[in-house]
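Owing to the predicted nature of the structure, the values given are computational and were not obtained by experimental measurement.
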Amino acid sequence: MNKKSKNPTIISTHKNENLYFAVGYSERGKIIRISLPQKSEEDAIFEIAKYHPEFLVSDQYYETAEMICKMYHGRDVKFDLEILDIEESTINTSFEKDVILEVAKIPLW
């Protein structure tokens with residue numbers, strides 16, 4: 001499933017019970033895509049790879065994928081918006097970007 005290119009997206013996964021989470025990082029070391037729960041690791045990877053077809057699967061960002069899983073399950077985690085690469089992501093409009101930044105301001109509890 002791995003593809004090779006000069007600057008591939010690095011995809012790391014995390015399994016929690018029967019669900020797989022994945023995170024894709026750009027060459028700049030920032031998140032460009034997140035895959036929320038999928039039933040298989042391949043599906044989680046595909047959710048990122050369909051937008052970033054040049055990719056490499058690695059455990060390099062496993063901790064981030066695990067953090068996304070914890071957030072999904074309602075656990076309080078520190079998430080710095082600076083690790084998001086909004087410019088290189090698949091966000092298509094300034095409206096989508098604005099929504100993400102506003103949602104990030106909402107407290108968890």
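A heavy-atom distance below 4.5 Å is found between the side chains of Ile68 and Leu36. Proximity of Phe21 to Pro37: side-chain heavy atoms (C-beta onward) are separated by under 4.5 Å at one or more points. Within the 4.5 Å cutoff, the side chain of Tyr20 has no heavy atoms near those of the Asp43 side chain.
To the nearest 0.5 Å, atom OG1 of residue Thr13 and atom CD of residue Glu42 are 9.5 Å apart. Atom CG of residue Asn7 and atom CZ of residue Arg28 lie 12.0 Å apart, to the nearest 0.5 angstrom. Taking CD of Gln38 as the start and CD of Glu47 as the end, the distance is 4.5 Å to the nearest 0.5 Å. Between His14 atom NE2 and Lys70 atom NZ the span is 7.5 Å, to the nearest 0.5 Å.
The nearest pair of heavy atoms linking Ser58 to Ser12 is O-OG, 2.6 Å.
The aromatic rings of Tyr61 and Tyr25 sit parallel to each other, their planes meeting at less than 30°, with 60° as the upper class boundary.
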(request) Verify side chain to side chain contact (heavy atoms under 4.5 Å, CB included) between Arg33 and Thr9, making sure each step is shown before the conclusion. (result) CA-CA 9 Å; Arg33 189 97 187 152; Thr9 297; over 6 Å; no

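Leu56 and Tyr62 fall into different hydrophobic clusters, where Ile, Leu, Val, Met, Phe, Trp and Tyr residues are linked whenever their side-chain heavy atoms come under 4.5 Å apart, directly or through other members.
No more than 12 heavy atoms of other residues, nucleotides or ligands lie within 6.0 Å of OH in Tyr72, so this atom counts as exposed by the packing criterion.
Among the candidates Val57, Ile32, Ile11, Ile34, the single residue satisfying the side-chain contact (heavy atoms from CB on, under 4.5 Å) test with Ile48 is Ile11.
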